[in-house]
There are 2 protein chains.
Amino acid sequence: MKTANISVLAYALLGLIHQKPSSGYDLRKTFTETALGSFSDSPGAIYPALGRLEKRGLIASTVEDSAGLRRRRIYQLTDAGDQALKQWLSQPVTRNEIVRGLDELMLRFAFMDRALGPDAAIVFLRDMGSELDGYVPELKQYLRDLGPSMPLSAMLALDSGVRNYQTLQHWAVYAIQAFEKSAANKNNSPIKPARSGGHS
Amino acid sequence: MKTANISVLAYALLGLIHQKPSSGYDLRKTFTETALGSFSDSPGAIYPALGRLEKRGLIASTVEDSAGLRRRRIYQLTDAGDQALKQWLSQPVTRNEIVRGLDELMLRFAFMDRALGPDAAIVFLRDMGSELDGYVPELKQYLRDLGPSMPLSAMLALDSGVRNYQTLQHWAVYAIQAFEKSAANKNNSPIKPARSGGHS
DNA sequence: CATTTCATGTAATCGGTTACATGATTAG
DNA sequence: CTAATCATGTAACCGATTACATGAAATG
């Protein structure tokens with residue numbers, strides 16, 4: 001079972017297709033129009049990536065000729081694709097990922113509750129939080145030690161990084177609360193069914 | 001005058017070499033050891049990049065055989081390289097750069113005061129600040145409008161982005177103050193020379 | 001004398017960028 | 001009928017990743 005090289009762009013495509021089967025054009029538009037992590041909206045990136053994913057059996061396409069428009073090739077996840085996406089999302093939060101590749105981390109998080117459910121998202125947030133609890137003090141120490149010997153703008157650039165991580169730390173706490181509140185609201189949901197008991 | 005394609009990595013190399021003539025090995029170590037914007041420390045990235053920069057005449061190398069160690073190839077900027085670096089650093093702060101490529105923006109800033117002086121850094125910060133003053137409210141509006149219709153974790157991911165930009169906004173203000181304070185300290189420097197008058 | 005550290009390189013591969021090509025459909 | 005939008009692709013180029021190769025000097 002080779003869990004071979006799948007690029008971040010490819011995972012982003014898998015995640016979006018998981019949320020809703022889409023054409024290449026739809027996906028491009030998503031990248032241009034939404035604030036989604038700054039991916040290239042260029043056809044030269046997306047269509048080949050979709051082709052590769054299909055060749056690997058992670059997505060499957062059907063040509064839609066129903067509407068009057070030009071034929072659209074709609075992709076959806078295969079079982080293997082769903083599995084690959086979930087495996088990617090299930091990876092633990094590592095220090096290394098926090099240091100480089102925060103973007104990828106947030107991308108994973110953005111897809112998380114839909115694909116794995118809110119519990120997984122909370123685990124992710126807790127892991128990230130405790131990783132940050134270790135990392136932020138180290139960064140601050142580093143800044144205190146080496147800052148004075150650096151050019152002022154270099155020191156400030158580093159300071160900006162530290163502030164970002166601190167912000168992220170606070171955000172993680174907030175996000176956990178948001179998930180807990182959302183879970184609480186679901187229990188006595190005012191709109192949903194009168195269908196007697198859920199479970200337990 | 002072709003201002004051709006120079007990669008971010010290549011600019012990082014130019015910036016570091018500007019601060020201090022260095023060997024490929026030195027530069028690698030800088031990337032691994034410092035918190036510098038998460039560049040690859042792999043020889044397969046750096047040595048070819050240095051080779052290309054030399055071929056383009058932006059850096060020049062001399063082999064140092066003085067010490068007992070293996071020969072080290074030390075690079076330093078040429079006039080053209082210095083010019084290219086300064087041109088890169090002088091680019092105005094655009095909205096587009098803020099949306100994608102914040103890393104590159106901070107990298108530029110980190111090299112700025114050494115290469116262009118504190119005044120340029122302050123201009124940069126002011127530009128970035130006013131760009132953010134326009135962007136952050138837009139992002140907040142976007143979040144308010146579309147947030148409720150998104151999956152919770154997607155909304156939170158977006159919220160994290162907004163918080164980062166806000167943090168950056170505050171940082172820019174702080175950084176300007178830091179530069180002003182530094183300039184003030186230079187006037188009546190308490191440690192520096194007793195060598196009668198500096199200038200003026 | 002073996003291992004680690006210093007130090008520079010090369011080759012295969014692969015994905016992203018840029019730019020171009022094409023063609024159908026809808027709106028003015 | 002022309003322009004804009006929808007929609008999918010291809011080809012050239014280039015740089016980054018990974019892994020391998022080499023070799024000298026310091027360290028134990």
Side-chain angles (χ1 to χ4, degrees), chain A residues 2-14 17 21-33 36-56 58-59 61-75 96 100-101 103-104, chain B residues 2-14 17 21-33 36-56 58-59 61-75 96 100-101 103-104:
Chain A
K2 58 172 178 183
T3 319
N5 37 325
I6 299 178
S7 69
V8 182
L9 170 64
Y11 278 121
L13 294 172
L14 288 181
I17 292 169
S22 308
S23 69
Y25 193 76
D26 293 336
L27 296 161
R28 274 185 71 196
K29 278 180 75 174
T30 302
F31 287 143
T32 35
E33 288 170 7
L36 232 185
S38 71
F39 284 100
S40 115
D41 63 330
S42 86
I46 288 170
Y47 289 109
L50 289 171
R52 286 191 297 268
L53 287 173
E54 187 167 33
K55 210 166 287 169
R56 291 185 201 180
L58 303 180
I59 57 179
S61 66
T62 54
V63 172
E64 173 200 73
D65 39 28
S66 55
L69 287 155
R70 192 192 178 181
R71 108 252 136 166
R72 288 158 46 85
R73 182 175 292 275
I74 307 288
Y75 291 96
N96 196 55
R100 39 171 101 217
D103 285 350
E104 184 175 346
Chain B
K2 58 169 178 185
T3 319
N5 38 322
I6 299 177
S7 69
V8 182
L9 170 63
Y11 277 121
L13 294 172
L14 288 180
I17 292 169
S22 309
S23 69
Y25 192 75
D26 294 336
L27 296 162
R28 274 186 72 195
K29 279 181 74 175
T30 303
F31 287 143
T32 36
E33 289 170 6
L36 231 186
S38 69
F39 284 100
S40 119
D41 63 330
S42 87
I46 288 170
Y47 289 107
L50 288 170
R52 287 191 296 269
L53 286 174
E54 187 167 32
K55 209 166 286 170
R56 291 186 203 179
L58 302 180
I59 58 179
S61 67
T62 54
V63 173
E64 172 199 75
D65 39 27
S66 56
L69 288 155
R70 194 192 178 183
R71 106 254 132 162
R72 288 158 47 84
R73 183 175 291 275
I74 307 288
Y75 292 95
N96 196 56
R100 37 172 102 215
D103 285 349
E104 185 176 345

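Letters A, B, ... are given to chains in the order of the sequence lines, protein chains preceding strands, and every chain is numbered from 1.
- Between Ser40(B) and dA16(D), a side-chain N or O to OP1/OP2 separation shorter than 4.0 Å is absent.
- dT8(D) atom P lies 13 Å from atom CG of Leu13(A), rounded to whole Å.
- Contact check for Phe31(A) versus Leu13(A): side-chain heavy atoms found under the 4.5 Å cut-off.
- Between Arg72(A) and dA7(D) there is a side-chain polar atom (N or O) within less than 4.0 angstrom of OP1 or OP2.
- Checking the phosphate oxygens (OP1, OP2) of dA19(C), no side-chain nitrogen or oxygen of Ser42(A) falls inside 4.0 Å.
- The OH-P distance, from Tyr47(B) to dT22(D), rounds to 17 Å in whole Å.
- Using a 4.0 Å heavy-atom distance criterion, Arg73(A) is classed as a sugar-phosphate-only contact.
- In plain terms, the two heavy atoms of Pro43(B) and Pro48(B) that are nearest each other are O-CD, 3.3 Å.
- The interatomic distance linking Asp41(A) (CG) with dG9(D) (P) rounds to 17 Å, in whole Å.
- For Arg52(B) and dA16(D), the CZ to C1' distance is 9 Å, given to the nearest whole Å.
- Distances shorter than 4.0 Å separate none of the side-chain N or O atoms of Asn5(B) from OP1 or OP2 on dC14(D).
- Following rounding to the nearest Å, Arg28(A) (CZ) and dG9(D) (C1') show an atom-to-atom distance of 11 Å.
- The two residues Tyr47(B) and Arg28(B) make their nearest non-hydrogen contact at CE1-CD, 4.4 Å.
- Residue contacts shown for Gly44(A) include a base, since a base heavy atom lies under 4.0 Å away.
- Between Asn5(B) and Arg56(B), the closest heavy-atom pair is O-NH1, 2.8 Å.
- Rounded to an integer number of Å, the gap from CD1 of Ile6(A) to P of dC14(C) is 14 Å.
- Using a 4.0 Å heavy-atom distance criterion, Ser7(B) is classed as a sugar-phosphate-only contact.
- For dC6(C), one of the phosphate oxygens OP1 or OP2 lies less than 4.0 angstrom from a side-chain nitrogen or oxygen of Tyr25(B).
- Atom CG of Asn96(A) and atom P of dT17(D) are 13 Å apart (whole Å).
- The CG-C1' distance, from Leu9(A) to dT17(C), rounds to 12 Å in whole Å.
- Screening Leu27(A), Ile59(A), Leu50(A) for a side-chain contact (heavy atoms from CB on, under 4.5 Å) involving Ser22(A) leaves a single residue, Leu27(A).
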